Amino acid sequence: MTPLLLAPVYTGVVQAGALVLARVDGGVRRRVQLGCSTNVDNLAAGRWDTLVSSAFVVEEPMPLPYALLLLAVLGYAEYAYGAWWAAGVFALGHAGATALVYGALRARRAGPEVRGAVDVGTSYGFHAVLGALTSVLPRGPVRTGARAGLLALGVRPLLRRERTFTDAGHLVALALGLGLAVAGDRRPPVRSLMKARITG
């Protein structure tokens, strides 16, 4: 059995970096976060490298429940489909949602506060992987209900008056993951395929 490496390494690197940043001067921390952000100002200036750096930086150390949930979701994705699949879906959700939100903000001519906002974190990739993992659920009402429930949870923040562009990004990333799941419903997880070959 291949050891799971991606999920714990990634989660650990992000959390370790957050703990280090939490100990430095607030001004330095702010500059680092802005430099790694996929905000409109950075992307409009051609700083597309932030699509990578922003996935490894968070504004605050991750609360333990969220860190464990991130580890569990990425770990199961890696176990069920393999590290490349998990990393690919995460990257698609992170970059895809960022690009679509960026396009929407530019089209709406967002103000300076939004254009230069700190926009870092793991949540877009997490939402995409979570949506894509619905393909491992039993077919029928369970799978359909889970997808409908996730979409409802994704839409709910957008109904609030205090909604943000990050809320929209979460829904976009989730939709990308669910789209992958629906497209790949006929493809069983790698572990299931391996088990079938061993027992068949």
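Note: hydrogens, waters and symmetry copies are ignored here, and every other heavy atom, side chains too, is used. If you read the sequence from its start, that first residue is 1, and numbering goes on from there. Values in this document were obtained by computation on a predicted structure and should not be read as measured data.
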- Message: Checking His94 against Thr38 for the side-chain hydrogen bond (donor to acceptor under 3.5 Å, both in side chains) test, could you report, in this order, the C-alpha distance in whole Å, the side-chain angles of both residues, the deciding distance, and whether it holds?
- Response: CA-CA 10 Å; His94 182 75; Thr38 49; 5.4 Å; no
With clusters defined by side-chain heavy atoms of hydrophobic residues (ILVMFWY) lying less than 4.5 Å apart, directly or transitively, does [Y] cluster with [X]?
{"X": "Tyr66", "Y": "Val9", "result": "yes"}
{"X": "Leu150", "Y": "Leu158", "result": "yes"}
{"X": "Leu174", "Y": "Leu69", "result": "yes"}
{"X": "Leu51", "Y": "Leu176", "result": "no"}
{"X": "Leu74", "Y": "Trp84", "result": "no"}

Answer yes or no: is there a donor N or O on one side and an acceptor on the other, between the side chain of [X] and the main chain of [Y], under 3.5 Å?
{"X": "Thr134", "Y": "Gly131", "value": "yes"}
{"X": "Ser54", "Y": "Val120", "value": "no"}
{"X": "Arg47", "Y": "Gly35", "value": "yes"}
{"X": "Gln15", "Y": "Ala67", "value": "no"}
{"X": "Glu78", "Y": "Ala86", "value": "no"}
{"X": "Asn39", "Y": "Ala117", "value": "yes"}

Rounded to the nearest 0.5 Å, how far apart are [atom1] of [X] and [atom2] of [Y]?
{"X": "Leu6", "Y": "Phe90", "atom1": "CG", "atom2": "CZ", "result": "9.0 Å"}
{"X": "Glu60", "Y": "Leu19", "atom1": "CD", "atom2": "CG", "result": "10.5 Å"}
{"X": "Leu178", "Y": "Leu171", "atom1": "CG", "atom2": "CG", "result": "9.0 Å"}
{"X": "Leu71", "Y": "Met62", "atom1": "CG", "atom2": "CE", "result": "9.0 Å"}
{"X": "Asp41", "Y": "Arg115", "atom1": "CG", "atom2": "CZ", "result": "5.0 Å"}
{"X": "Ser123", "Y": "Asp167", "atom1": "OG", "atom2": "CG", "result": "9.5 Å"}

- Check the angle between the aromatic planes of Tyr76 and Tyr79 and answer parallel, tilted or perpendicular using the 30° and 60° thresholds. tilted
- Can you label the angle between the His170 ring and the Tyr124 ring as parallel, tilted or perpendicular, going by 30° and 60°? perpendicular
- So with a 6.0 Å cut-off around CZ of Arg160, is the heavy-atom count from everything else above 12? yes
- Dump the intermediate steps for side chain to side chain contact (heavy atoms under 4.5 Å, CB included) on Leu43 and Thr98, then the final yes or no. CA-CA 10 Å; Leu43 295 179; Thr98 296; 4.0 Å; yes
Where do [X] and [Y] come nearest, in terms of heavy atoms and distance?
{"X": "Cys36", "Y": "Val57", "result": "SG-CG2, 3.8 Å"}
{"X": "Leu34", "Y": "Asn42", "result": "O-ND2, 2.8 Å"}
{"X": "Gly169", "Y": "Ala97", "result": "O-CB, 3.5 Å"}
{"X": "Val136", "Y": "Ala80", "result": "CG1-CB, 4.4 Å"}
{"X": "Val73", "Y": "Leu133", "result": "O-CD1, 3.5 Å"}
{"X": "Ala132", "Y": "Trp85", "result": "CB-CH2, 3.7 Å"}

- Test log, rule side-chain hydrogen bond (donor to acceptor under 3.5 Å, both in side chains), inputs Ser135 and Tyr81: CA-CA 11 Å; Ser135 60; Tyr81 289 110; 2.8 Å; yes
- Show your working on side chain to side chain contact (heavy atoms under 4.5 Å, CB included) between Val58 and Thr122 and close with a plain yes or no. CA-CA 7 Å; Val58 290; Thr122 65; 4.3 Å; yes
- Please tell me if the side chains of Thr11 and Pro8 come closer than 4.5 Å, counting only heavy atoms from C-beta onward. no
- Item | Close side-chain approach of His127 to Val172, heavy-atom, < 4.5 Å | no
